[in-house]
Structure formats: structure tokens, C-alpha cells
Amino acid sequence: MGAEQSKGKITAQDKAILDMKVQRDKLKMYQKRVQVVLDREDALARELLLKGDKRRALLALRRRKYQEQMIRTTDDQLLNLQHLVDTIEFSLVQKDVFFGLQQGSKVLTQLNKEMRIEDVERLADDTAEAIAYQNEISDILQSNMTAEDEEAVLEELEELERQEAERLRLDMPQAPKGALPDRVLVVEEAEPEEEVESEEEENTRLRNEPMLA
Amino acid sequence: MASTTAAAGEPFQFPEMYNFPPFFTRQPNESTWKEQRRQWCDLVLAFYRHNRLYSMSLAEAVTEPPFANRQLRRALRVDVLREVVDELVKQGNAVWAGAKGTKDICLVFWRKPEVWATMIHQWASERGLFNTVLTVFELANGDDTAGQEFHGLDAATLRRALDVLQSQGKAQLFAGASDEDLGVKLFA
């Protein structure tokens, strides 16, 4: 069947795990059975006690104790089984991880092989050479730009600067043209002193002034 | 099986038609019969869903509810029940399960195997159980599936659901040392 091949082959380990899990299921079913018998013996013991049949009640209780022990032993076995199953399943996971690491490492090695250090060094050298060559050419071209060209370029630069400055000047606000009055200076010195009139002084001044009717 | 109370504790609500004696007699008029049969189909599915029953043995079934109504002292006849089941088979809600050619035992799919399949797959996805070995037994009866809808599913129906998954490439059934105890691996 196509489906069987494309999805998940069942390995021998899977079968081994299955067998263990089937065992676990069987143990659990066994436990359930024993529990049922145990409960029955318990009920029976109570009945017998009520009837007064002590001897048989004791027997029933003994049987019950025995079954309890069976359950405990089965619990231990289940624990062991579970532990084994868990260990196996975990090591399967680890195997996958290891395999993944192996694959990754292989790919990396392959990539490194394709990109050898000497090739990269050579490439860097070639590139540096090419850049140096270009720079040389630039220098030659630059130095060939004669003195007159140099002057013309400098003049153009000055012209541009002048234009910029003119534009800036026109943008400025107009300052007033007249000369400043002399008094301004004096007032500036006196004012701070006058203004420190305290509230008291103000009240006295106001009282001394005549009220307007 | 005689009681109509489900594990949930609530009794099953029968439809009104259930107390109507002619409901248990196959009507001669074809269109009436078709309607009657349809109502029986619905009743079977509802009853089986409520009580979580999965299979029917026809000979036994006619002696008990829902096909036998004690109060009315009426019971559906086996051949009439057979016709009802045939209709369910046509709808895809049942399959004959006995020996080939006989129509004595059937599986009742009040939930189709495809839906069960999806539920199981969903559960496995949530629990991170893909690519691990599970026993078919623990799927239906294990502690891990205790709260799930498909817990307690009967073997034949469960097997069909797993077959659906296998045909979709989402599961692989296999046997270990013994052929009776099957295991299954579920895939994403």
C-alpha cells in the first residue's frame, strides 16, 4: 500500500514498545479484576460478621488482604515497566537529535569546502588592486585639471557665497534708523530703585493724597 | 440494557410518537411508512447516542427498549427493524456487521467513524502523541483518554475510525508479538 511506505515505517523498536505497552494494559486490567474481587470479599466479610459467622468472616478478610498485596506487587511491576518504556522512548528521541546534529555538521563541512580560505584571500587582494587602480586614475585626472580650471572653479564658489549672503540679508527685519535718546540710559539706572517702593510706603502715599469726591 | 437511563443520569426523552401504538406497526401506505421509518431512524440514533451504545443485535433488540414499549405492550417486528436499519445503512449511519449476507448484527454510527477519527487525531495532537506507539486498547480504555468523548468506544467502531485515519495516511496500525493486541502510531 502506498500509504504504508510514505508514512512511518514500523521499526522493530516500535514493536518492542508495543509489546511492553500491551503488557502494561494487561497488568492494569488484572488490577481492576483483583480490585473487584477484593471489594466483594470485603462486602462478604461484613455480611458474615452481621450473621455472626466470625470464622468465615476472618477467612474473607484474609483473602482480601492477599488480594491487596497482589495489587501492590502489580503496582511495582507497572512502575518498572513504565520506567523501561520511558527510557526507550527517550533514547529514540535522543537518537533523532544526534542524527540531526550529524546531518547539520555534514552540511556545514560541505559548505566550508566550497568556500576555501585561499580563494577568499585572493578575491580580497584582487578587489583591493582594482580599487587602487581606480584611485590612481582619479588622481591623474584631477591633476590634469589645470590652473585655469582651478581658478574658474574658485570664482564660481565665491559667486555662490555672495549670492547666499545677499539672500540672507534681504530676509532680515529692518532695524530703526534714528539715534537712541540719551535719557534712556538714566531711566534705566533709576527705575530699579524707584520700583522697590514697599507696600507700607504705598499706603502712606495713598493716604496723604486727597480723595476725589 | 433494559433501563433507559444514561450514565449521565438523565432519562431518555422519547418523542410523542413513541406512545402511539401504530408507530410500532409497519404502515401499509408507502408515504406514511417513509415518514414512520424516518422517525424510527432518528429515534435509534438519538437513543443510542444518549446511552452510548454502539452495536445492535436485532433479535435481542426487539425485546427491549426502544423497540419494545412495555407500557403500550407493543414491539417492533424484527423484519420492520431490519428495514429501519437498512435505511440507516443507506444514510451511512450503520453497517451490517455479522456474517456476510446475514442481517442480525449491526453497528450503529450515531457519530460517523470519520468524526471519531478526527477527535482521536485532535487529542493526539494536543497531547503531543504523534509518532509514539499506542495500544488500541489504551485509546479506548486508558487513563489518558478518561475525559474524552471516545473513551469507552467499542472495538469495532474504534477500529473503523482508525482505518479511516490509516487511509488518510494519519495513522499506522500494526501488531506486535500477538495479532490480537494491535498498536497504532498516529502522525500529524
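As the structure is a computational prediction, the values presented were derived from the model and not from experiment. Labels below follow one simple rule: chain letters A, B, ... track the order of the sequence lines, proteins then strands, and each chain is numbered from 1.
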Count the heavy atoms of every other residue, nucleotide or ligand shown that sit under 6.0 Å from [atom1] of [X], and state whether that count exceeds 12.
X	atom1	result
Arg38(B)	CZ	yes
Ile117(A)	CD1	no
Asp76(A)	CG	yes
Glu180(B)	CD	no
Lys15(A)	NZ	no
Glu159(A)	CD	yes

Backbone N/O of Gly176(B) and side chain of Asp19(A): donor-acceptor pair under 3.5 Å: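 No, Asp19(A) side chain to Gly176(B) backbone: no donor-acceptor pair under 3.5 Å.
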Contacting region of Ala171(B) [heavy-atom separation from chain A under 4.5 Å]: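 The answer is neither part of Ala171(B).
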Per-residue contact mode, Asn131(B) against chain A (heavy atom under 4.5 angstrom):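 The answer is neither part of Asn131(B).
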Looking only at heavy atoms, what is the nearest atom pair of [X] and [Y], with distance?
X	Y	value
Leu134(B)	Leu18(A)	O-CD1, 4.2 Å
Lys32(A)	Asn141(B)	NZ-O, 4.4 Å
Phe174(B)	Ile10(A)	CD1-CG2, 3.5 Å

Residue from Met20(A), Gln23(A), Lys21(A) passing side-chain contact (heavy atoms from CB on, under 4.5 Å) with Thr135(B):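 That would be Lys21(A); it is the only one of Met20(A), Gln23(A), Lys21(A) passing the side-chain contact (heavy atoms from CB on, under 4.5 Å) with Thr135(B).
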Heavy-atom side-chain contact between Glu138(B) and Arg24(A) under 4.5 Å: yes
